[in-house]
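Working notes, structure below.
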Amino acid sequence: METPGCKISDVCNQHYNKLSKRGKPGSNQWTVLSAVVLEVSGDLSVLTMATGTKCVGEEQRTPYIVSDSHAEVLCLRLFRLFLLEEMTACLKGDVAVCLKRGPGRNFLVKEGVAFHFYSSCVMCGDATISEAASELSDYHYPQYTDTSNPIAFDKKRPPTELPPSDSKLLKLDRATRTGAKCLISDNLHTDSLKARSWHKTSVLRTKPGRGPVCLSLSCSDKLMKRQFLGLQGGLLSQFLPDPIRFTSFCIGGEFSEESVKRALFDRLPDSSLSVRTLYKVKDTFVNSVSNCRSRSNVHDVLPSSSSLLWLRSGKTGVQWASVKGKLQGATKSSSSAKVMLPVCRAAMLQRAVLISALLETGGNASVTTATLPVDEDQDTCMKQYHLFKRDSWYSVSKEEFCKNFAGWDRKISTGTHNASEKIKAEGSKL
């Protein structure tokens, strides 16, 4: 008998195979696939879907670029865009899939609706760290002297000295490490680290990888936060009085179920708010690492340089391709409006302002995003973004959340200038 997890996985993989090649990886490229699945009366359908690429550096961070392009985060952003589409449909008298009008300026989720999250592999960060790593905790790794890079330890750059040549230890070591770095404010982010400290569980981490310096937190941390505060985020919270949460998580491939539950559920300030339904399914995604390696020479398999983004909208849905957080094909000379993905902060603010305007005008169809141009000054745009989402119940809940994860509200404010230097300066104080 097919399990609920297998049904969710099959729906997502079948949907992916029907999409056009736009944004998909090549035959010798791998990626991660994530999706949000809607369940109504037992029927499953995909609402949003995305594949992932690496994040852009902090020096490139602007309101018009998506800095975190991991599949899980893109999928969550697309879900918030889907909610905005649903609100627009309600206000204009069109058919909405899962939302309905509530009292005043509020919208409510329809009865009998559930949302599931799918990922073709385990998310980066705390969920990848297995307790098996504790068997290595007594080994002291050599100290690093490279002061040019405070983020010195990475699983792809092993230390020059390895633990004693015990094959079991080495296998465990490689299987349970994460390249995600502990957040600087957790006081674990230093140039000299023991294996035990580096792989301490339940702490906040930035993204793994050897690309440009990025302060976006890991997907484990972001999913955990959304499960507590709600998927609608701060921008939409003034329209949605109740937090929206996933009913289940479905993950493909090999991983420790205990580690994933710890990362997504057990760390939450109020464990009663988390749903502990976790499905583990086989790796069936055609562009996963293992499947790409089985078809190609291992040395020829590369990570995808582009992302696919798909949103349920209208009869056929809308599909985009992105590269480095921008619309594919955008040039350096293109204006902000032309490079923006519909899920970047500036575009999402524009859509949220549209909802507010429609509420004030009683759903006047003459109000569109075209009549609400994006501010080209990024500082002004960011001020508007933070002001718009400040006065809501979400702000109070976030304060409670940050008391348990102090590093979250102390992330370095880098803006768009000299991010690397600021990170080095902060790291030298520890």
Side-chain angles (χ1 to χ4, degrees), residues 2-19 32-51 71-92 94-102 106-120 123 219 222-223 226-227 229-233 235-237 239-252 264 274-279 281 284-285 308-320 342-343 348 351 355:
E2 194 175 33
T3 65
C6 290
K7 291 180 181 179
I8 294 171
S9 175
D10 289 345
V11 165
C12 294
N13 282 278
Q14 290 169 12
H15 183 85
Y16 175 83
N17 293 333
K18 292 177 182 178
L19 298 179
V32 176
L33 176 69
S34 292
V36 174
V37 177
L38 171 70
E39 180 179 8
V40 181
S41 302
D43 294 329
L44 300 173
S45 59
V46 176
L47 293 182
T48 69
M49 178 170 281
T51 61
E72 298 91 334
V73 176
L74 289 177
C75 204
L76 292 177
R77 285 184 166 275
L78 282 165
F79 181 69
R80 292 197 286 277
L81 181 60
F82 170 77
L83 293 177
L84 286 166
E85 294 258 346
E86 287 281 280
M87 293 177 198
T88 305
C90 288
L91 290 170
K92 293 189 174 182
D94 298 331
V95 178
V97 178
C98 62
L99 290 186
K100 62 182 181 180
R101 286 297 306 271
N106 293 332
F107 296 84
L108 304 172
V109 177
K110 293 180 179 179
E111 293 78 9
V113 169
F115 303 104
H116 305 274
F117 182 80
Y118 167 79
S119 180
S120 61
M123 54 285 300
C219 293
K222 290 189 175 183
L223 281 167
R226 292 300 170 206
Q227 192 63 6
L229 295 176
L231 305 175
Q232 71 289 326
L235 201 63
L236 278 62
S237 57
F239 308 121
L240 294 160
D242 302 313
I244 300 173
R245 297 187 174 95
F246 289 124
T247 301
S248 73
F249 290 82
C250 178
I251 304 174
L264 298 182
S274 66
V275 178
R276 295 171 178 269
T277 305
L278 175 65
Y279 300 117
V281 295
T284 56
F285 178 45
L308 172 154
L309 295 87
W310 184 88
L311 172 72
R312 176 170 172 173
S313 179
K315 295 182 179 180
T316 59
V318 186
Q319 184 173 338
W320 301 271
V343 293
M348 295 288 278
R351 292 298 299 268
I355 298 298

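Distance check: Met348 CE to Arg80 CZ gives 5.5 Å after rounding to the nearest 0.5 Å. The CD atom of Glu86 sits 10.5 Å away from the CD1 atom of Ile355 when rounded to the nearest 0.5 Å. Between Ile8 atom CD1 and Tyr118 atom OH the span is 10.5 Å, to the nearest 0.5 Å. Taken from CG in Leu44 to OG in Ser9, the straight-line distance is 11.5 Å, to the nearest 0.5 Å. Leu47 contributes atom CG, which lies 6.5 Å from atom CZ of Phe115 (distance to the nearest 0.5 angstrom). Taking CG from Leu108 and CD1 from Ile244, the interatomic distance works out to 9.5 Å, rounded to the nearest 0.5 Å.
When all heavy atoms are compared, the tightest approach of Gly233 to Arg226 is CA-NH1, 3.4 Å. For the pair Arg351 and Leu84, the tightest heavy-atom approach, listed with the atom from each and the gap, is CB-CD1, 3.6 Å. For the residue pair Glu72 and Ser119, the shortest heavy atom distance occurs at OE2-OG, 3.7 Å. Heavy atoms only, all atoms of each residue included: Leu74 and Ala50 are closest at CB-CB, 3.7 Å. Between Ala71 and Thr51 the shortest heavy-atom distance is CB-C, 3.7 Å. Here the closest non-hydrogen pair linking Cys98 and Val113 is CB-CG1, 3.9 Å.
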Inset, instruction - Please step through side chain to side chain contact (heavy atoms under 4.5 Å, CB included) for the pair Val281 and Asp10, ending with a clear verdict. - result: CA-CA 10 Å; Val281 295; Asp10 289 345; over 6 Å; no
Inset, instruction - Starting from the C-alpha separation in whole Å, work towards a yes-or-no answer on side chain to side chain contact (heavy atoms under 4.5 Å, CB included) for Phe249 and Leu223. - result: CA-CA 10 Å; Phe249 290 82; Leu223 281 167; 4.3 Å; yes
Inset, instruction - Starting from the C-alpha separation in whole Å, work towards a yes-or-no answer on side chain to side chain contact (heavy atoms under 4.5 Å, CB included) for Gln227 and Leu264. - result: CA-CA 8 Å; Gln227 192 63 6; Leu264 298 182; over 6 Å; no
Legend entry - Verdict with reasoning, Ile251 to Leu278, per side chain to side chain contact (heavy atoms under 4.5 Å, CB included): CA-CA 8 Å; Ile251 304 174; Leu278 175 65; 3.8 Å; yes
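The shortest distance between side-chain heavy atoms of Cys250 and Val37 does not fall below 4.5 Å. At a threshold of 4.5 Å between non-hydrogen side-chain atoms, the residues Pro4 and His116 do not count as touching. Looking at heavy atoms from C-beta onward, Lys18 lies out of side-chain contact with His15 at the 4.5 angstrom threshold. Using a 4.5 Å heavy-atom threshold, the side chains of Val32 and Phe285 count as separate. Side-chain contact between Trp320 and Val343 is absent, with no heavy atoms from C-beta onward closer than 4.5 Å. Within the 4.5 Å cutoff, the side chain of Val109 has no heavy atoms near those of the Asp242 side chain. Looking at heavy atoms from C-beta onward, Val97 lies in side-chain contact with Phe82 at the 4.5 angstrom threshold. A 4.5 Å side-chain heavy-atom check between Val46 and Arg312 finds every atom pair outside the cut-off.
A salt bridge links Lys100 to Glu111: one of the charged nitrogens lies within less than 4.0 Å of a carboxylate oxygen.
Note: Phe117 and Phe246 have tilted aromatic rings, judged against thresholds of 30 and 60 degrees for the angle between ring planes.
Each of Leu311, Leu19, Leu309 was scored for a side chain to side chain contact (heavy atoms under 4.5 Å, CB included) with Gln319, with one residue passing: Leu19.
Between the side chain of Ser120 and the backbone N or O of Leu33, at least one donor-acceptor pair lies under 3.5 Å.
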